[in-house]
Structures are given as structure tokens and as C-alpha cells.
Amino acid sequence: MGKYTRPKGTQDLLPATQRYWEYLRATVRREALQYGFERIDLPLFEETALFTRGVGEATDIVEKEMYSFEDKGGRKITLRPEFTAGVVRAYIENGMRVQPKPVKLYSVGPIFRYERPQAGRYRQFHQFNAEVLGVQEPLADLEVMLLAWDIYAALDFQGLAFQLNSTGCPQCRPAYIQTLTAYYHQHAAEICDTCRRRLTTNPLRVLDCKETRCQPVIAGAPKIAEQLCTECETHFTALRGYLDELEKPYTLNHRLVRGLDYYTKTVFEVWAEGIGAQAAVCGGGRYDGLIELLGGPPTPAVGFAAGLERIIMVMQHQETPVPELPTPPVFIAHLGAAASRVAVQLLVDLRAAGIGAQIAMSGSLRSQLRTADRKGGRFALIIGEREMEHGEVTVKDMAQGWSQTSIPLEAVVAWVQARLKRVSE
RNA sequence: GUGGAUGUGGCCUAAUGGUUAGGGCACCUGACUGUGGUCCAGGCGGCUGUGGGUUCGAGUCCCAUCAUCCACCCCA
């Protein structure tokens, strides 16, 4: 091993796995565009305050997971730990409120969180993100859930489970939290230390504690879905109505509360099997207060993010068929200085004609052909002294055993073109 | 941040505390003249993660450190 290793929690995406990434990116792009989402690309870093305000001071992300630093101008900068805050910033900054509602945006790219890496968790990882801004109606929630659904369906996911809940809004959530903490204080002796602490710091979070001793308490806990205000109740019922109508399966999960401060009403996750302890491949929800909080006009919005590494892990676990990346069909072998000049000319002529081609750069004819074989090209073109004398090129169809033919040099491009066309038909 | 497991060439791996750390994959070269995949031959590539210690002698035992993996927390 060399002197340098990749920073903890980062990864090298080697050529061997690129076909998964290409396929995944193509799939999410196709689905997003089909839904009418427009792509938006944002800076990898933003000023730190955007995230501390947007995501929430008391969240794990802000408290311990941000990659923050000061730049040479003394500005406090953070590598983005999620997309939503940046999307909202761009929405406000670029005056996107004047666009016809809803504004539907998607992004793909790296995300940074300073955490201890483990299976399916990295410090630099990739997310697909989609947001619908400017619409309060549950159709917006439905839209992002359907997009998530269709992406996983297009990738032929098995063993999927959608988890759904509503966490209420500033109208009804405070009352629920009171009921919840009151209930928990009655059971203070039965719960774990962490949950006791959560009651003051982040009460909703007690609901997704995994401690065995807490499970009976959680099971008996009051459910927020049963204490929603009229508006939230109506919203949640309508959303579920659409999902029922479309026969999209979901599980009502009263324990699903999610980590970030900005969520209101709808929250959902998608869980998958086969990626270790990290079941969530996708998480999202509604954030009606965020845009105003970040200095924009009051604007309802809903969105979700999907972790691409986890999707790829599932694809590999399920052995999802993924097409090979295309390789150039032509490989040129040559012998001698004069032939190499002719070979180079042929190389550029082929490429100019739109035919993928590579040229041997070293070695005997034997090793050149061995390289041709391993590079997977369809045709090997040989130019040596004999071919030079006759103004010809020897053409080998690598899939056809040892047969080979001679083609006049000036006719080779057309010949290959015709052959490739016939193959593709 | 906490806990556990593991570190031998690019990858996989062998070596009762005892010679110059062995093999496989891959890679490169060759096999009468200019011809790929199989087979054959040869070759490149290691201060056994690093630093200490025990010992006549350490890949092997001990300590530390680093890295990776897995789990907790939480999330994608």
C-alpha cells in the first residue's frame, strides 16, 4: 500500500462499479424528467448558518455531523449535509416564487456528514433529492412519494416497505408533545437513560428508540396521528386516500418521527432489505415552515432524499441486471513505423465517422491482439508490412474464431460501419 | 463519541516461535517466420499496517498506535 489512503469514510468509485452508477443516474434522471421535475445544481458548500438555521441547532447533523471550516476570507463554510436547505436558499435567492406553482426541482450529488462509517454509511456519499415547492395540497406529498416509488420500481426493488406518519404542525404538535411527555413521566422507571434524556432535548425521538425495555412503553404511547388538528388530519386523510386509491402499499408507522427540525405533517421513509443495519434508503416529508424561516415568503413544500450508495448496495444484493458500459468496437494493431502512421490516420478516420476505436500503443503483434481480446472490441484491424505493400488492412472478427479478411485501406471505415450497422439491427 | 472484530504483494490466501515469507488470481513477456481466448514456461511485485517489547530467534507472543470492517447513537 502506498503512503496515502483515502480519508475515512470516503470511497473510490472504480471503473468496475461505474455501470451501476451510470444506470442509477440514468434511471433517476429519466423518472424525474418524466414527472416534470427540473434539475438544479447547487454549491457543494454553503455558509454554515444556512444549515444551523435550516436543519436545526438541536439536530444530530448540526451538533456533530457537519464538515465546517473557515475559508481564507474568514467566512464560515459547511459542506452540504443535505440538499433541502440549499434548494430553499436558491429558491429564495433566485426569486423562483414567481414561477408557476408548483416548482418541482431535483438534484443529484455528493453530501457530507462527519460520522463513523459502517455498512451503507459514508462521510461523503450521494443523494438524489426532489422537492415540490409552493403547494399545500396533499397532491404535492403524493407526487414526491410516487416519484420515490417509481424510481425503486424501475430498479426492480424487492422487499420494499413504505413507512408513513404525520408529525403534525405548530398548531397541534406542542399539545401532543405534552401528552407524550406526561405519559413518559408515568413510566420513567421503565425506560432507558437515553430516552429520559430525550424527553427534555427531543421528545419525539423517544418513539424510535430501539432499547428492548422501551418497546412496551412505546407500544402504549399516545399516537400523534390520533391527536392531529383538523387541518393536519384532513391533509393526512386525503394523502392516504390517494395512496389507497392507487393501491400503493404503505405502513402507518406511529414511531416514524425523523431527525430534522423542519418537518411538518407528512413524514415518510422507504426501507429495504440486505444492506445491514441501515434499512432506510429514502426519507422525506413536508416542511411548510422552512422557507419562511430562511427569509423567504411563507411557502409550503415537500420533498425527499434517497441515498445512492444504499440503492446500489441493494441492487448488488438483489443482483439487479445492469447493462455493461459500451466499449469501442474497433482495436487497431500495427507493426512498424510506417504502418503506425497509417494506423493513426485510420484511427482518427474511424472516430470521425462515429466509430469507437482504440490503438495498440506497445508490444508485439501477439500481445497487441491479446490486448484487443481483453479490451473486448468486436473487430481487430491489423496493419503490418504485408498490408502496407498491398494497401490493405487485415480485419479480424474477434468473435468469429480465426477467420479474417483483407479490405482495401480506403474502404475499411465504410466496411466496419456497414458491419456494425448490421450487428445492431 | 462508545463497543467488538480484523490487518501477509493490486485481490484472495499458506506458513507447530526456527533457513532467503509459499501459492492462486490478475498483470507483463515468451512458445521457429506477423495473429487473441485454453494449455505451457518465465517474469514483475512483500522492510508480513506502523512503532516498541519479550526471545538466541517474531508474520506467529505482549503493549501501543494507525487503518479497515461491523454494531450502537443517528441517519441516506
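Residue numbers start from 1 in every chain, and the chains themselves are labelled A, B, ... in the order their sequence lines are given, proteins ahead of strands.
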By ring pair (Phe, Tyr, Trp, His ring centres under 6.0 Å), A:Y114 pairs with (sequence neighbours left out) A:Y67
For A:F162, the ring pair (Phe, Tyr, Trp, His ring centres under 6.0 Å) test, sequence neighbours excluded, returns A:W149
Please report the distance, rounded to the nearest Å, between [atom1] in [X] and [atom2] in [N].
X	N	atom1	atom2	value
A:L365	B:C28	CG	P	15 Å
A:R310	B:A76	CZ	C1'	4 Å
A:R123	B:A67	CZ	P	9 Å
A:R370	B:C27	CZ	C1'	10 Å
A:Q11	B:A76	CD	P	17 Å
A:R6	B:G10	CZ	C1'	13 Å
A:L369	B:C28	CG	P	13 Å
A:F83	B:C75	CZ	C1'	16 Å

Could you tell me how far [M] sits from [N] if I compare only their [atom1] atoms? Round to whole Å.
N	M	atom1	value
B:G57	B:C44	C1'	31 Å
B:G4	B:C63	P	13 Å
B:G45	B:U29	P	16 Å
B:G51	B:A67	P	16 Å
B:G3	B:G43	P	50 Å
B:G24	B:A14	P	15 Å
B:G7	B:U16	P	15 Å
B:C56	B:C11	C1'	38 Å

Between the protein and nucleotides 1-8 of chain B, which nitrogen or oxygen pairs come in under 3.5 angstrom?
| unit_1 | atom_1 | unit_2 | atom_2 | d |
| --- | --- | --- | --- | --- |
| B:U2 | O4 | A:R116 | NH1 | 3.3 |
| B:U2 | O4 | A:R116 | NH2 | 3.2 |
| B:G3 | O6 | A:R116 | NH2 | 3.3 |

Under the salt bridge (charged side-chain N to carboxylate O under 4.0 Å, His left out) rule, collect the residues that match up with [X], sequence neighbours excluded.
X	value
A:E410	none
A:E131	none
A:R39	A:D41

Filtered N/O pairs between nucleotides 40-45 of chain B and protein, under 3.5 Å:
none

More than 12 non-hydrogen atoms from neighbouring residues, nucleotides or ligands closer than 6.0 Å to CD on A:Q316, yes or no?
yes
Does OP1 or OP2 of [N] have a side-chain N or O of [X] closer than 4.0 Å?
X	N	result
A:S364	B:G30	yes
A:R205	B:C73	no
A:R374	B:C28	yes
A:S367	B:U29	yes
A:Q118	B:C72	yes

Query raised in the report: Would you say the side-chain atoms of A:Y262 pair up with the backbone N or O of A:I291, donor to acceptor, closer than 3.5 Å?
Result: no
Of the candidates B:U29, B:U35, B:C75, the side chain of A:R113 sits closest to B:C75
At under 4.0 Å between heavy atoms, what does [X] touch on the DNA or RNA strands: base, sugar-phosphate, or nothing?
X	result
A:T371	nothing
A:G384	base
A:E385	base
A:L308	nothing

Sequence neighbours excluded, the answer for side chain to side chain contact (heavy atoms under 4.5 Å, CB included) partners of A:T371 is A:F331, A:K375
Considering Watson-Crick and G-U wobble pairs with both distances under 3.5 Å, what does [N] pair with?
N	result
B:C73	none
B:U16	none
B:U6	B:A67
B:C11	B:G24
B:U33	none

Test for a donor-acceptor pair under 3.5 Å between the base of B:G34 and the side chain of A:E387, counting only N and O atoms.
-> yes
(message) Base of B:U35, side chain of A:Q404 - is there a donor-acceptor contact under 3.5 Å?
(response) yes
Worksheet item: Given A:F157 and A:V270, is the side-chain contact (heavy atoms from CB on, under 4.5 Å) satisfied, shown in steps?
Response: CA-CA 11 Å; A:F157 265 47; A:V270 179; over 6 Å; no
Q. Relative to the ring of A:W21, is the ring of A:H126 parallel (under 30°), tilted (30 to 60°) or perpendicular (over 60°)?
A. perpendicular
By side chain to side chain donor-acceptor pair (under 3.5 Å), A:E93 pairs with (sequence neighbours left out) A:R89
